[in-house]
Structures are given as C-alpha cells and as structure tokens.
Q: 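Below you'll find the structure I mean.
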There are 2 protein chains.
Amino acid sequence: MNDTGASKTAQHAGLGHKDRLRLWIRLLRASRTIENELRLRLKSAFDMTLPRFDVMAALNREPEGLLMSDLSRFLLVSNGNVTVIVDRLVTDGLVVRSSREGDRRTSIVRLTDSGLTLFRQIATEHEKWVGELLGGISDEDARHLAVMLKSFRSNWET
Amino acid sequence: MNDTGASKTAQHAGLGHKDRLRLWIRLLRASRTIENELRLRLKSAFDMTLPRFDVMAALNREPEGLLMSDLSRFLLVSNGNVTVIVDRLVTDGLVVRSSREGDRRTSIVRLTDSGLTLFRQIATEHEKWVGELLGGISDEDARHLAVMLKSFRSNWET
DNA sequence: CAAAATTATTTCAAGTATGAAGTTTTAAGG
DNA sequence: CCTTAAAACTTCATACTTGAAATAATTTTG
C-alpha cells in the first residue's frame with residue numbers, strides 16, 4: 001500500500017503533483033456535472049438560467065442589498081459579467097438598482113418583491129435537487145469535504 | 001459533537017439538504033477559484049485559453065485520436081462548443097481532423113506534432129500550478145477527496 | 001484647493017457555451 | 001432496393017464570460 005513511505009511529507013517538490021492533478025480533474029468534472037444538471041432543471045422547471053439564479057441567491061443573503069463589486073467578488077466572476085446579468089434581471093423586474101447617498105459611482109442592487117417571491121420558490125426546489133445530486137455522499141463525508149474545501153484557499157491567497 | 005444522532009441515517013428526506021447545499025457552494029467556489037487562476041496563468045505564460053488546453057489534454061491521452069462526440073462526452077460540454085474550439089485549434093495548426101475509412105460522417109481529431117510539443121511544455125507548468133494551488137490539502141486528504149469525488153456520480157446517473 | 005491616483009462601474013470586442021434546427025451519412029425495416 | 005430512422009456533425013441564435021478600455025465620481029497629495 002505504501003510506496004516509498006516518503007509520500008506523506010514529500011513537500012520537497014513534485015512528488016504529490018500527479019495526485020493533485022487527478023484531484024483537480026475530478027473536482028472539475030464533479031462540479032461541471034452538477035452544474036449541467038442544475039442548469040437543465042432550472043431551465044425546464046422555471047425558465048431560469050444558472051447565472052441569474054446565482055445573483056438572486058447572493059442578493060437573498062443580504063436584504064440590505066449589494067454593490068456590483070460585492071456581487072463580482074462573491075460570485076467570482078468579472079465586473080462586466082455582473083453588469084450584464086443584473087441588467088437582465090432588472091429588465092425582468094426581479095431586481096432593482098437604487099442609488100446611494102454619498103457615493104454616486106455606486107448603486108445598491110436588491111431583490112424586488114416579485115424577485116424575492118420567485119427566488120424562494122426556486123430555492124426550495126434547488127435545495128432538493130442539490131440534496132439529491134449529492135445524495136451519494138454520506139453526511140459524514142459531506143461535512144469532511146466541506147471543511148477541506150473551505151480551508152484550502154487560504155494557503156496560497158497571500 | 002453529535003446532535004440528535006439520527007443524522008447519519010436520515011435518508012428519509014430533507015435533513016441533510018442544508019449540509020449538501022453548503023458543500024455544493026464550497027465545491028463550486030473552489031473549482032471557480034482554481035479555474036480563474038489557471039486561466040490567468042495560461043493566458044499570461046502561453047497565450048493559451050483553458051478550453052483549448054482542455055481539448056489538447058484530452059487528445060493527448062489518446063494518441064489514436066478522438067471523435068468530436070468523444071471530446072464532447074469527456075469534457076462535458078456541448079457538441080457545438082467542441083466544433084468551435086477544435087476549429088480554432090485547427091486554424092492554429094495544433095490539431096488536425098483526419099477523415100475516416102468507413103464512416104464519412106465522422107472525422108478523427110488528433111494533435112499535430114507542434115500541438116504535441118506545445119502541449120507538453122504547457123502541461124509541465126500546468127501540473128506544477130495545480131500542485132501549488134492544491135498544496136494546502138494534505139496527500140492523505142487529497143486521496144480521500146479524489147475517491148469521494150470519483151464515486152459520487154454513479155448514485156444518480158441511472 | 002487642484003492635480004493625480006484610486007475606486008466603481010459600464011462598454012466593447014473576442015471567445016466560450018448551450019440547445020435547437022439543419023445537413024450528410026449510415027443503419028434498419030420492409 | 002427504398003423508405004425511415006438513427007447517428008455525427010455543423011450552423012445558428014442567444015446567452016454568458018473575460019479582460020481591456022472608457023467614464024465618472026471620490027480620495028489623496030503636494
């Protein structure tokens with residue numbers, strides 16, 4: 001089972017790289033698989049796209065609203081991207097931009113009432129879907145995984 | 001540490017859903033973070049995009065070449081998408097479509113010599129980057145994670 | 001305070017991405 | 001055979017995404 005026995009502490013370059021590469025590929029495939037399935041279901045059940053739902057979910061967490069740059073940072077997508085998605089949600093009446101006292105560069109983005117209503121409907125189903133899609137992972141593993149994924153970031157983000 | 005004690009076998013609906021949702025969000029954030037960083041580095045070091053590199057990596061695994069539909073299935077992206085990316089790689093001389101005896105609908109896609117040379121250069125760096133970005137995860141955790149992520153899929157893919 | 005730097009956002013070109021519709025070719029049924 | 005169905009792609013309209021450049025407002029500095 002053990003190879004050289006040096007693997008566990010092989011920080012001195014290159015040895016664990018193959019394992020990490022395999023892990024990255026699996027991580028990517030898992031997240032693409034889930035994302036594809038969620039996209040399909042959102043489309044067919046609610047005529048909603050994933051990026052729009054993501055923005056609504058972020059706004060739902062902050063009843064006070066968020067700046068465009070907050071959305072960009074939180075969702076890990078570019079500024080220009082957020083602009084387009086929010087524009088579309090505004091057109092659909094699900095979201096509003098309200099101007100802010102003291103800083104005319106920014107505007108705060110909030111869910112409208114109908115946006116909130118719709119979000120809650122979708123979120124209920126969405127949560128079930130995720131529960132189902134990740135159902136093959138035990139509760140214990142799920143928690144373990146979540147902890148690992150939470151902490152990995154701080155190690156290289158100077 | 002334990003709450004009710006019923007969590008481990010709570011298959012009867014709804015209970016683990018919140019945990020799974022959190023896990024999904026972390027999974028998505030982790031993979032977006034890594035993807036964003038890799039995209040940046042590929043661009044600045046090799047003027048290469050991630051989708052093109054993904055196609056080249058898939059082709060590298062199969063010296064015999066792959067059908068368009070094989071690429072689509074393996075990379076989990078649509079047919080139309082693969083067409084565009086491969087078109088671009090052909091234009092750049094990194095890949096060729098060669099027609100096939102016996103079935104004129106299909107063509108086999110392969111790396112060219114220069115495609116293979118370039119891929120190997122990039123892959124070396126790419127592997128280091130991934131090793132670095134996932135370096136915060138111990139070897140043991142990395143293996144554990146990889147196993148979990150490999151098997152989760154079969155549970156709902158009827 | 002005025003100039004310079006910073007911050008927040010939008011605009012734009014280029015590149016992905018999907019899913020549906022269309023084309024060409026092959027396989028299956030009769 | 002010849003029609004029908006199926007398979008493998010490509011094309012197209014629409015939507016998302018990035019990163020760079022442009023705009024506008026605020027803050028910092030000399």
Side-chain angles (χ1 to χ4, degrees), chain A residues 28 31-56 65-92 95 97-109, chain B residues 28 31-56 58 65-92 94-95 97-109:
Chain A
L28 186 58
S31 94
R32 276 198 192 161
T33 302
I34 296 169
E35 215 169 346
N36 286 344
E37 183 65 23
L38 290 177
R39 182 193 352 273
L40 215 63
R41 296 189 187 191
L42 275 176
K43 183 73 173 183
S44 82
F46 298 101
D47 195 31
M48 169 65 57
T49 69
L50 207 39
R52 287 175 212 169
F53 178 72
D54 285 346
V55 166
M56 294 179 77
L66 288 170
L67 302 181
M68 298 298 282
S69 44
D70 293 334
L71 282 168
S72 168
R73 233 186 327 277
F74 182 72
L75 298 175
L76 302 173
V77 299
S78 68
N79 271 341
N81 189 2
V82 173
T83 296
V84 176
I85 304 298
V86 168
D87 281 351
R88 178 60 194 259
L89 288 171
V90 169
T91 300
D92 292 351
V95 143
R97 282 184 173 94
S98 49
S99 65
R100 213 166 51 126
E101 288 292 322
D103 193 338
R104 267 175 301 182
R105 289 170 304 182
T106 63
S107 56
I108 290 194
V109 185
Chain B
L28 185 57
S31 95
R32 276 197 193 163
T33 302
I34 296 169
E35 215 169 347
N36 286 344
E37 184 65 22
L38 290 177
R39 183 197 348 274
L40 214 64
R41 296 189 187 191
L42 275 176
K43 182 73 173 183
S44 82
F46 297 102
D47 194 33
M48 169 63 57
T49 69
L50 207 40
R52 286 174 213 171
F53 178 72
D54 285 346
V55 166
M56 292 178 78
L66 289 170
L67 302 182
M68 298 299 281
S69 45
D70 292 333
L71 282 168
S72 169
R73 233 186 328 276
F74 181 73
L75 298 175
L76 302 173
V77 298
S78 67
N79 271 341
N81 190 2
V82 173
T83 297
V84 176
I85 304 298
V86 167
D87 280 351
R88 179 58 194 259
L89 288 170
V90 168
T91 300
D92 292 350
L94 301 172
V95 143
R97 283 185 171 93
S98 47
S99 65
R100 213 165 51 126
E101 289 293 322
D103 193 340
R104 267 175 301 184
R105 290 170 303 180
T106 64
S107 55
I108 290 193
V109 184

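All values below were derived from every heavy atom in this structure, side-chain atoms included, with hydrogens, water molecules and symmetry-related copies excluded.
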Q: Assign each of D103(B) and N36(A) to its nearest nucleotide of DNA chain C by heavy atoms, then name whichever residue's nucleotide is nearer the 5' end.
A: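 So the residue in question is N36(A).
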Q: Assign each of R73(B) and I85(A) to its nearest nucleotide of DNA chain D by heavy atoms, then name whichever residue's nucleotide is nearer the 5' end.
A: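 The residue mapped nearer the 5' terminus is R73(B).
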Q: Quick one: on DNA chain C, does N81(B) or M68(A) contact a more 5' nucleotide (nearest heavy atom)?
A: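 Residue closer to the 5' terminus by nearest nucleotide: M68(A).
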Q: If the cut-off is 4.0 Å, is T49(B) near the phosphate of dT16(C), judged by side-chain N/O to OP1 or OP2?
A: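 So the side-chain polar atoms of T49(B) do come within 4.0 Å of the phosphate oxygens OP1 or OP2 of dT16(C), strictly under.
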Q: Once side-chain hydrogen bond (donor to acceptor under 3.5 Å, both in side chains) is applied, do any residues pair with R104(B), and if so which ones, sequence neighbours excluded?
A: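 side-chain hydrogen bond (donor to acceptor under 3.5 Å, both in side chains) list for R104(B), sorted by chain: empty.
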Q: Across the strands shown, which category fits L67(B) at heavy-atom distances under 4.0 angstrom: base, sugar-phosphate, nothing?
A: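 Result for L67(B) = sugar-phosphate.
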Q: Taking only the side-chain nitrogens and oxygens of T106(A), find out if one of them lies under 4.0 Å from OP1 or OP2 of dT7(C).
A: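 No, T106(A) has no side-chain N/O under 4.0 Å of OP1/OP2 on dT7(C).
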Q: On a heavy-atom basis, which atom in T33(B) and which in L76(A) lie closest, and how many Å separate them?
A: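 Heavy atoms of T33(B) and L76(A) come nearest at OG1-CD1, 3.5 Å.
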Q: With sugar-phosphate meaning primed atoms plus P, OP1 and OP2, does V84(B) contact a base, only sugar-phosphate, or nothing at under 4.0 Å between heavy atoms?
A: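 Counting heavy atoms under 4.0 Å across all strands, no contact is made by V84(B).
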Q: Mind checking if R32(A) touches a base, just sugar-phosphate, or nothing, with heavy atoms under 4.0 Å?
A: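 R32(A): no heavy atom of the nucleic acid under 4.0 Å.
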Q: Rounded to the nearest Å, what distance is computed from the CG atom of residue D47(A) to the P atom of nucleotide dA15(D)?
A: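 Interatomic distance, CG of D47(A) to P of dA15(D): 10 Å.
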Q: I need the CD-P distance between E35(A) and dC16(D), as an integer number of Å.
A: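 Rounding to the nearest Å, CD of E35(A) and P of dC16(D) are 13 Å apart.
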Q: Checking all strands, does L40(A) fall into the base, sugar-phosphate, or nothing category for heavy-atom contacts under 4.0 angstrom?
A: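 Counting heavy atoms under 4.0 Å across all strands, the contact made by L40(A) is with sugar-phosphate only.
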Q: Phosphate oxygens OP1/OP2 of dT10(C): is one of them under 4.0 Å from a side-chain N or O of R97(A)?
A: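 Indeed, a polar side-chain atom of R97(A) lies that close.
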Q: Does the distance from a Lys or Arg side-chain N to an Asp or Glu carboxylate O, for D87(B) and R97(B), drop under 4.0 Å?
A: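 Yes, D87(B) and R97(B) are salt-bridged.
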Q: Counting just side-chain N and O atoms, does S69(A) come under 4.0 Å of either OP1 or OP2 of dT9(C)?
A: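 Indeed, a polar side-chain atom of S69(A) lies that close.
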Q: Send over the distance from R41(B) CZ to dT18(D) C1', rounded to a whole Å.
A: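 Those two atoms, CZ and C1', are 18 Å apart.
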Q: Rounded to the Å, how far apart are R52(B) CZ and dA14(C) P?
A: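 Between P of dA14(C) and CZ of R52(B): 13 Å.
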Q: Would you say dA8(D) has OP1 or OP2 under 4.0 Å from some side-chain N or O of R104(B)?
A: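 Looking at the OP1 and OP2 atoms of dA8(D), neither is under 4.0 Å from any side-chain N or O of R104(B).
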Q: Would you call V55(A) and V82(A) a side-chain contact if the rule is heavy atoms closer than 4.5 Å?
A: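 In short, these two side chains do not touch, never coming nearer than 4.5 Å.
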Q: In whole angstroms, how far is the C1' atom of dT7(C) from the CG atom of D70(A)?
A: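 So the CG-C1' distance, D70(A) to dT7(C), works out to 13 Å.
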Q: Regarding dT7(C), can its base be found pairing with the side chain of R105(A) as donor and acceptor, where the two atoms are less than 3.5 Å apart?
A: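 Flag set: donor-acceptor pair detected.
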Q: Can a salt bridge be assigned to the pair E35(B) and R39(B) using a cut-off of 4.0 Å between side-chain N and carboxylate O?
A: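 Result for this pair is no, no salt bridge flagged.
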Q: Find the distance R100(B):CZ to dT25(C):C1' and express it as a whole number of Å.
A: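 The answer, rounded to whole Å, is 12 Å.
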